Amino acid sequence: MAELLQTNNLACGYVYKGDQCAQYVFHNTPKNIAYFLGSRPMATKMVVTDALDRLILDTVGNFIDQCPDQELLTEIKKALTPIQTGEAEAESFFCPTLDEMEQYCNQGTSSPEAEIGLVMI
């Protein structure tokens with residue numbers, strides 16, 4: 001977790017299934033984005049942003065709807081298309097939930113802010 005927090009290139013993934021949303025954090029690479037999308041075929045919508053909450057891409061189901069950076073889209077599709085066609089499987093990668101990241105950040109802290117979950121990541 002410490003390594004993930006120290007990187008300057010984080011991605012935040014939001015996975016919607018019905019009316020529920022799960023949030024994840026991972027290293028922002030084209031392959032990780034492809035594996036993130038490809039490993040959640042039952043999602044109704046996914047949104048991937050950078051650490052400043054700027055849109056990287058969003059999906060309808062597990063198909064990309066919008067991706068402003070066309071060069072990045074090309075790189076993502078190289079890994080994602082074989083997953084979507086069944087020729088490959090999404091590889092595992094470190095992708096904790098936002099709650100897991102907050103718990104990690106709160107370990108060993110005893111401030112009132114930490115106890116109520118207000119520690120900034």
Side-chain angles (χ1 to χ4, degrees):
M1 290 262 194
E3 180 188 341
L4 185 60
L5 287 170
Q6 292 172 0
T7 186
N8 289 330
N9 197 21
L10 285 179
C12 301
Y14 302 87
V15 179
Y16 298 87
K17 290 182 183 177
D19 61 350
Q20 296 189 348
C21 178
Q23 299 173 312
Y24 300 87
V25 180
F26 54 93
H27 288 284
N28 183 1
T29 68
K31 281 189 178 183
N32 282 354
I33 293 171
Y35 299 153
F36 180 80
L37 300 177
S39 64
R40 292 159 176 83
M42 302 307 287
T44 55
K45 178 182 176 105
M46 291 180 273
V47 177
V48 179
T49 68
D50 65 13
L52 298 175
D53 207 30
R54 294 179 293 210
L55 180 68
I56 294 173
L57 63 80
D58 69 359
T59 73
V60 174
N62 67 338
F63 295 98
I64 297 171
D65 183 37
Q66 298 178 57
C67 183
D69 184 337
Q70 294 300 297
E71 289 179 27
L72 176 62
L73 178 60
T74 299
E75 291 302 309
I76 293 169
K77 288 167 99 176
K78 287 179 185 176
L80 182 60
T81 301
I83 296 167
Q84 291 174 324
T85 60
E87 297 171 29
E89 290 188 24
E91 293 183 22
S92 297
F93 68 102
F94 189 61
C95 183
T97 65
L98 188 57
D99 288 341
E100 291 169 334
M101 292 292 288
E102 286 177 358
Q103 286 176 353
Y104 175 81
C105 290
N106 290 337
Q107 286 178 350
T109 60
S110 60
S111 69
E113 294 86 3
E115 290 177 14
I116 60 171
L118 296 177
V119 174
M120 299 302 289
I121 295 178

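Note that the structure is predicted; figures quoted are calculated from it, not measured.
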Transitive ILVMFWY cluster of Ile64, excluding itself - 4.5 Å side-chain cut-off:
Val15, Tyr24, Phe26, Ile33, Tyr35, Phe36, Leu37, Met46, Val48, Ile56, Leu57, Leu72, Leu73, Ile76, Leu80, Ile83, Phe93
Not counting sequence neighbours, list each pair that qualifies as a side chain to side chain donor-acceptor pair (under 3.5 Å) and has a residue in residues 76-86.
Glu75-Lys78, Thr85-Glu87
Looking only at heavy atoms, what is the nearest atom pair of [X] and [Y], with distance?
X	Y	answer
Cys12	Ala51	SG-CA, 4.5 Å
His27	Asn32	O-ND2, 3.0 Å
Ala79	Ala34	CB-CB, 3.6 Å

Can you list the residues that meet the side chain to side chain donor-acceptor pair (under 3.5 Å) rule with [X], with sequence neighbours excluded?
X	answer
Gln70	none
Lys17	none
Asn8	none

Measure the [atom1]-[atom2] distance between [X] and [Y] for me, rounded to the nearest 0.5 Å.
X	Y	atom1	atom2	value
Glu91	Ser39	CD	OG	11.5 Å
Met101	Gln23	CE	CD	12.5 Å
Tyr16	Thr59	OH	OG1	10.0 Å

Same apolar cluster: Val47 and Val60, side chain cutoff 4.5 Å:
no
Within the distance-only criterion (no hydrogens, no angle test), does the side chain of Asn28 pair as donor or acceptor with the backbone N or O of Asn9 below 3.5 angstrom?
no
Give a yes or no on whether the backbone of Gln66 and the side-chain of Asp58 come within a donor-acceptor separation of less than 3.5 Å.
yes
Sort and list the pairs that fulfil ring pair (Phe, Tyr, Trp, His ring centres under 6.0 Å) and have at least one residue in residues 40-87, not counting sequence neighbours.
none
